[in-house]
Amino acid sequence: MGAQTRIHDARDRVEDEREAIEAKLDAVDRFVDRVENCQPGPTPAAGSVTATAGTLSRDSPSGGDTCEAVREAFAETIRPHSLDDVEERESLPETIQTELSESVAVALAPTMNTSFTPELKQAVLSEARTRRAETETLGKALQREATQLADAAAVVDEITGWIVTADETPLSDLGFEALRARHERLDTYRERCETVAMWRQSFLDGATNNGPEVGVTHRSLGPYLYQDFPTDHPVLTTVARLADTCGDCQRAVRDHLVRRA
């Protein structure tokens, strides 16, 4: 293996995020199971007004209790894994709004005393399943990113490993043919760096989709994954610098070739 590069750091970052995504998918599944087990109450016939998918009522303590149970289920399952609230800076209603939509957050709010109607139950389940599909799609995009990083790392490791080994022998100890072979090898490596950059750009121009309505553009992964990195493009930055290194090595080899000519 060659030297540690930003690509290797990126692989660690992606693996951590993939584990977080798997944990969130499990949390959403557990939330859906708990909501499915909640029995909706009857819709009050009088003294009430419609509030989103539920019904506002001053006479429905059981419905309010069920909404509280749904809020508790959310707090114990999805909330700890919320990608927008990893440090729990948001209030519970704010996180519900982020994950399940504003309308569901309003309907479940404790101040609303909303009856947990069949319509509200289906609204909660629908939003949760939509969130699961989005999270699953992100997981698939991360899998493709992990494959991209592994392929790029293999190329970088090969080139950097060869350079480290080659540098153990001074250029002054090499004959003309050995110098020429080294120059050609470096030229090949520069071309491979350019090839990696080309297929990386092609990947970034694409997207990972999960049906017609759910998708993740690959260019959005950089700012999301590598916001704490010196660059949003660890692959492109690494192979560009490696290509420059190969060019510097070639110039040194050419100097020796000219002296031997």
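Note: hydrogens, waters and symmetry copies are ignored here, and every other heavy atom, side chains too, is used.
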Quiz prompt | Partner of Arg200 under side-chain hydrogen bond (donor to acceptor under 3.5 Å, both in side chains), chosen from Gln148, His218, His233 | solution = Gln148

Self-check item: Minimum heavy-atom distance between His81 and Lys24, given as atom pair plus value
Solution: O-CD, 3.5 Å

Quiz prompt | Verify same cluster id: Leu138, Leu25 (apolar side-chain graph, 4.5 Å) | solution = yes

Quiz item: Side chains of Gln122 and Glu119: closer than 4.5 Å at any heavy-atom pair?
Solution: no

Self-check item: Residues Asp26, Arg30: salt bridge by 4.0 Å N-O rule
Solution: yes

Quiz item: Looking only at heavy atoms, which two atoms of Glu90 and Arg79 are closest? And how far apart?
Solution: O-NH2, 2.7 Å

Self-check item: Gap between atom CZ of Arg185 and atom SG of Cys249 - 0.5 Å precision
Solution: 13.0 Å

Practice problem: Heavy atoms only: give me the nearest Val196-Val239 pair and the separation to one decimal. | Solution: CG1-CG1, 3.7 Å

Quiz item: Taking side chain as C-beta onward, heavy atoms only, is Leu100 less than 4.5 Å from Thr130?
Solution: no

Quiz item: Do Leu236 and Val155 share a hydrophobic cluster, counting only Ile, Leu, Val, Met, Phe, Trp and Tyr and linking them when any side-chain heavy atoms are less than 4.5 Å apart?
Solution: no

Practice problem: Please confirm whether the backbone N or O of Leu120 pairs with a side-chain atom of Thr117, one donor and one acceptor, at under 3.5 Å? | Solution: yes

Practice problem: Would you give the length of the straight line joining atom CG of Asp173 to atom CG of Leu179, rounded to the nearest 0.5 angstrom? | Solution: 10.0 Å

Self-check item: Heavy-atom pair with the smallest gap, counting every atom of Tyr226 and Thr231
Solution: CB-O, 3.7 Å

Quiz item: Less than 4.5 Å apart, any side-chain heavy atom of Glu17 and any of Ile21?
Solution: yes

Exercise. Indicate, with yes or no, if Leu125 and Phe116 share a hydrophobic cluster defined by side-chain heavy-atom contacts under 4.5 Å among Ile, Leu, Val, Met, Phe, Trp and Tyr.
Key: yes

Quiz item: Taking Glu102 for the side chain and Gln97 for the main chain, is one N or O donor matched with an acceptor at less than 3.5 Å?
Solution: no

Quiz item: Do you know the tightest heavy-atom contact between Ala75 and Leu92?
Solution: CB-CD1, 4.0 Å

Self-check item: Shortest non-hydrogen contact between Phe229 and Arg13, atoms and distance
Solution: CZ-CB, 4.0 Å

Self-check item: Leu221 vs Val14, side chain to side chain contact (heavy atoms under 4.5 Å, CB included): CA-CA, chis, key distance, verdict
Solution: CA-CA 10 Å; Leu221 290 177; Val14 169; over 6 Å; no

Quiz item: Okay, side chain of Thr160, backbone of Val156: is any donor-acceptor separation there less than 3.5 Å?
Solution: yes

Quiz item: Asp187 and Glu191: side chain to side chain contact (heavy atoms under 4.5 Å, CB included), yes or no, with the steps?
Solution: CA-CA 6 Å; Asp187 199 47; Glu191 291 177 355; 4.0 Å; yes

Quiz item: Quick check: does any side chain N or O of His8 sit under 3.5 Å from a backbone N or O of Thr5, one acting as donor and the other as acceptor?
Solution: yes

Quiz item: Linking I/L/V/M/F/W/Y whenever any side-chain heavy atoms sit under 4.5 Å apart, do Phe176 and Leu171 land together?
Solution: yes

Quiz item: Which word best sums up how the rings of Tyr189 and Trp162 line up, parallel for under 30°, tilted for 30 to 60°, or perpendicular for over 60°?
Solution: perpendicular

Self-check item: Between OG1 on residue Thr135 and CD on residue Glu99, distance to nearest 0.5 Å
Solution: 7.0 Å

Quiz item: Do Gln39 and Thr66 have side chains that get closer than 4.5 Å, going by heavy atoms?
Solution: no

Quiz item: Hey, does the side chain of Arg131 reach the backbone of Ile78 with a donor-acceptor pair shorter than 3.5 angstrom?
Solution: no

Quiz prompt | Spacing of Arg144 atom CZ and Leu142 atom CG [to the nearest 0.5 Å] | solution = 11.5 Å

Self-check item: From Glu145 atom CD to Tyr224 atom OH, the distance as rounded to the nearest 0.5 Å
Solution: 11.0 Å

Quiz item: Quick one: are Pro234 and Asp9 in side-chain contact, heavy atoms under 4.5 Å?
Solution: no

Quiz item: Is a side-chain N or O of Thr147 found less than 3.5 angstrom from the main chain of Gln143, in a donor-acceptor match?
Solution: yes

Quiz prompt | From CA spacing to verdict: side chain to side chain contact (heavy atoms under 4.5 Å, CB included), Val32, Arg132 | solution = CA-CA 10 Å; Val32 167; Arg132 192 193 191 286; over 6 Å; no

Practice problem: To the nearest 0.5 Å, tell me how far Ser103 OG sits from Ile96 CD1. | Solution: 11.5 Å

Quiz item: Does the side chain to side chain contact (heavy atoms under 4.5 Å, CB included) test come out yes or no for Leu174 and Arg182, once each step is laid out?
Solution: CA-CA 10 Å; Leu174 298 177; Arg182 180 173 293 195; 3.4 Å; yes

Quiz prompt | Cys67 vs Leu108 side-chain heavy atoms within contact, under 4.5 Å | solution = yes

Practice problem: May I ask whether Trp199 and Leu204 are part of the same hydrophobic cluster, defined by side-chain heavy atoms of I, L, V, M, F, W, Y residues being less than 4.5 angstrom apart, directly or through others? | Solution: no

